[in-house]
There are 2 protein chains.
Amino acid sequence: MNKLPEKTIGRLSEYRRTLLNCLAKGKTHIYSHELANLHNFTAVQVRRDIMLIGYSTTLKKGYDVKALIDVISKIIDTDEGINAAIIGVGNLGKAITTYFNGKRPKLRIVATFDNDPEKANRVIAGVKCYPISEINKLVNELDIRIGIMTVPPENAVSVLETLVNAGIKGILNYTSTPLSVPQNVHLEEYDMITSIEKVAYFVKQKK
Amino acid sequence: MNKLPEKTIGRLSEYRRTLLNCLAKGKTHIYSHELANLHNFTAVQVRRDIMLIGYSTTLKKGYDVKALIDVISKIIDTDEGINAAIIGVGNLGKAITTYFNGKRPKLRIVATFDNDPEKANRVIAGVKCYPISEINKLVNELDIRIGIMTVPPENAVSVLETLVNAGIKGILNYTSTPLSVPQNVHLEEYDMITSIEKVAYFVKQKK
DNA sequence: TGTACATTGTTATTTATTTCACACTACCTG
DNA sequence: CAGGTAGTGTGAAATAAATAACAATGTACA
């Protein structure tokens, strides 16, 4: 189970979210095609992903929701959980903190950072905000493993450097500055303008 | 040039952003490997993408920045531009509006919508906010083609229905509710929790 | 001016991902 | 309790995307 396709990882996360909803509604079993229809996937895709993670059912009444959640969680989560931090408490940083916090017990946003003295040392969106100068110290103190960058583009490079030097191993870059990191750091980038432009392109093609 | 790979479209958008920066700095030519290094791409990938869009240079002094921007723009943009709207003016909606507006002349956010009466009919992040009940009317009046959904998950389905009925052809879904749309509508989904969980997974693998 | 080099354009190959096709079997129904 | 059906699991085929390999050709510089 060591080499799951990257696309599968993304879908597993989405399956779990949906499965948790099902569980909350009291649904105990779910067919591959049901799970597929709740997303925009195909039933085969669902079955294959589930095969890849080593879960299977002998029944023909669908997958056991609870059991499937557990298998997925074992893959995505760690026992002790992972701590993340938001760097840059603008609208986006606040949005993510608010949206996220408390949703996943094994994934916690334990700090936010901003270089605006107005914000530093206050609690923003439920999480304490520290001055950026303290990143290095706090990454170690709070065992922060993931940095979510929502700073202005011109600060992205220097913030990245601070994070990497502090020993962070996972970066999620929401700034519009493309970044690069050493081999031993995982970087995921997402640019909203690109997404909107992609949609615009396909809308244009439709006509 | 009719069938560009989806991944290429995304990269073209990113190339253009970078090329615009280069232009602003007075750089007139750029090598494939330079452009690649400014992102996390390879030089071959850059050259191949550029081949696919039909641009080429006879020189060996790199690509003409201005010309390349024009070619990419011809693919991504439309002459008259495309109008988009944000539905849901929470932190995320505000973040996108603020971040985006004015950056791309051919892509405009012309309205935001919210069902909070406090917000409706005010100007928020530089764009007028309307009550959600007016979506149908305004989609036509303002020629809105793209809907960017940043509403709470429980409202996603009904908002989507409204948008599709109003004739919108492109949806960008930032809510945590997976959606599905008719064939003739283009849907792009992005869930932040999934992204964070993906990073967490890869961080876990690193050790 | 001609030689070495760097850079582009493109075909072929490899790798990743999705889809197809079908064997297998629990479940339901009469 | 037999036969049809609907659902799962999975090898094989198809598609999409990235990478390698290299021919062609400006460019710089001796």
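Residue numbers start from 1 in every chain, and the chains themselves are labelled A, B, ... in the order their sequence lines are given, proteins ahead of strands.
Atom pair B/Ile9:CD1 and D/dA17:P shows a separation of 10 Å (rounding to whole Å applied). Between the CG atom of A/Leu4 and the P atom of C/dT17 there is a distance of 11 Å, given to the nearest Å. Summarising the geometry, the separation between OH on B/Tyr31 and C1' on D/dA28 is reported as 11 Å, rounded to the nearest angstrom. If you measure from atom NE2 of A/His33 to atom C1' of D/dT5, you get 13 Å, rounded to the nearest angstrom. Residue B/Lys7 contributes atom NZ, which lies 12 Å from atom P of D/dA16 at whole-angstrom precision. One interatomic measurement links the two molecules: CZ of B/Phe41 to C1' of D/dA17, which rounds to 13 Å at whole-angstrom precision. Look at CD on A/Glu34: it is 9 Å from P on D/dT8, rounded to the nearest Å. What separates CD1 of A/Ile53 from C1' of D/dG9 is a distance of 14 Å, to the nearest Å.
The phosphate of C/dT18 (OP1 or OP2) has a side-chain N or O of A/Arg11 nearer than 4.0 angstrom. Between A/Lys60 and D/dT5 there is no side-chain polar atom (N or O) within less than 4.0 angstrom of OP1 or OP2. Phosphate proximity of D/dG9 to A/Tyr63: present, with a side-chain N or O under 4.0 Å from OP1 or OP2.
Across all strands, B/Ser32 comes closer than 4.0 Å only to sugar-phosphate atoms, never to a base (heavy-atom distances). Nucleic acid contact for A/Thr57: sugar-phosphate only, since backbone atoms but no base atoms lie under 4.0 Å from a heavy atom of the residue.
Closest to the side chain of B/Glu6, from the set D/dA17, D/dA28, C/dT7, is D/dA17. Candidate nucleotides C/dG9, D/dT27, D/dT8 were compared by shortest atom distance to the side chain of B/Leu59, and D/dT27 ranks first. Closest approach to the A/Val44 side chain among D/dG7, C/dT19, C/dG9 is made by C/dT19 (side chain taken as heavy atoms from C-beta onward).
Judged purely by atom type and a 3.5 angstrom limit, B/Lys169 has no side-chain atom pairing as donor or acceptor with the backbone of B/Asn184. When atom types are taken as modelled, the side chain of A/Tyr55 and the backbone of A/Asp64 share a donor-acceptor pair closer than 3.5 angstrom.
A donor-acceptor pair shorter than 3.5 Å cannot be found between the side chains of B/Arg145 and B/Asn83.
Using a 30° and 60° split on the angle between ring planes, B/His186 and A/Phe202 fall in the parallel class, below 30°. Note: B/Tyr174 and A/Tyr190 have perpendicular aromatic rings, judged against thresholds of 30 and 60 degrees for the angle between ring planes.
Side-chain atoms of A/Arg48 and base atoms of C/dT19 include a donor and an acceptor less than 3.5 Å apart.
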